[in-house]
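Worksheet for the structure shown next.
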There are 2 protein chains.
Amino acid sequence: MTTRRDAVHDTLRKSEGFRSAQDVYAEMRLHGAKIGLTTVYRALQALADGGKVDVLRNDDGESVYRACATDTHHHHLVCRRCGHTVEVAGPAVERWAEMVGSEHGFTEVTHTVEVFGTCSTCSAEVKTG
Amino acid sequence: MTTRRDAVHDTLRKSEGFRSAQDVYAEMRLHGAKIGLTTVYRALQALADGGKVDVLRNDDGESVYRACATDTHHHHLVCRRCGHTVEVAGPAVERWAEMVGSEHGFTEVTHTVEVFGTCSTCSAEVKTG
DNA sequence: GGAGACTTTGACAATCATTTTCATTTTGGC
DNA sequence: GCCAAAATGAAAATGATTGTCAAAGTCTCC
């Protein structure tokens, strides 16, 4: 029985940027889906555990999710106004993190890197509007 | 009247790694300080706003704070077991983030970079214990 | 020294995302 | 059809954070 989980995954796929669990839930209900908030949370966690979606925390500390195009390790460049997200690979950062870690004797080094900015569309709007 | 705020700041200074607001509050009470949870939150926010302390989110989504040695922009290498924290500068990362942003037409680019690992002390413990 | 204005404080209630609980439903195998 | 295991979801619980508001502290001006 993975219908619900698939539905959640589909909803994420159709979204441009990162969406919160509450967000996904609200959208699914809007489109008439019969699903509970609990299930959305569980589906999202399962997808994240399985590496199917990426998770990060927004400024409010909420978990936000995104179905990413690539399976490989990558980071995100997120517009802080419209949420538009670009996936970026950064071999330089990977190497840097590894190096910094080993320099200080740390092992099993992982890292979180997120880049925020204002995308061209939004910065144009700010100027005109 | 900045006594409380200073007290909060002092408590942070005495700490090795990142501490949550609840944590700081509990510790201050332990040491006999008469202070309210609300005030700790407010003090921490004020300090963070003023750039006096660094904030990040731990895996639980809690805000954690740290009084850092340097005023300049830097990142952290945090031991995921003991919380031991090393401040690291990473010009390479700064440049990378800037580059990635401008490549995609993003302006006002900021970034968050945190590196987690297991420090030498802890990895030794894991092996023996 | 004291009055008044303004800020800080803190107990408590309110919020809000997330998790837990638990009874019901569904699915799959037999 | 029937049973066991997994999935579902409504409602309650949790827990960090924020808002409220009255009491207390601080400062200035007299």
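Just so it is clear: chains get the letters A, B, ... in the order the sequence lines come, proteins before strands, and each one is counted from 1.
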Where protein sits on nucleotides 9-15 of chain D, one letter per nucleotide: B base, S sugar-phosphate only, - none, heavy atoms under 4.0 Å
BBB----

Have B:Arg81 and B:Thr121 got a donor and an acceptor in their side chains that come within less than 3.5 Å?
no

Looking just at side-chain N and O atoms, do A:His75 and B:His111 make a donor-acceptor pair shorter than 3.5 Å?
no

Between atom [atom1] in [X] and atom [atom2] in [N], what is the gap in whole Å?
X	N	atom1	atom2	value
B:Arg19	D:dA16	CZ	P	14 Å
B:Arg5	C:dG10	CZ	C1'	17 Å
A:Asp49	C:dT19	CG	P	11 Å
B:Gln45	C:dT9	CD	P	13 Å
B:Asp59	C:dT18	CG	P	15 Å
B:Leu44	C:dT9	CG	P	13 Å
B:Tyr65	D:dA16	OH	P	13 Å
B:Asp60	C:dA17	CG	P	18 Å

If you look at every heavy atom in A:Arg66 and A:Glu87, which pair is closest and at what distance?
NH1-OE2, 3.3 Å

Taking all atoms of both residues into account, what is the closest heavy-atom pair of A:Val86 and B:His104, and its distance?
CG1-CE1, 3.4 Å

Below 30° counts as parallel, above 60° as perpendicular, anything between as tilted: where do the rings of A:His84 and B:Phe106 land?
parallel

Tell me whether the side-chain N/O atoms of B:Tyr41 come closer than 4.0 Å to OP1 or OP2 in D:dT18.
no

Name the nucleic acid region contacted by A:Ser20, choosing base, sugar-phosphate or nothing; use a 4.0 angstrom heavy-atom cut-off, strictly under.
nothing

Expected output: side-chain A:Asn58 to main-chain A:Asp60 donor-acceptor under 3.5 Å
yes

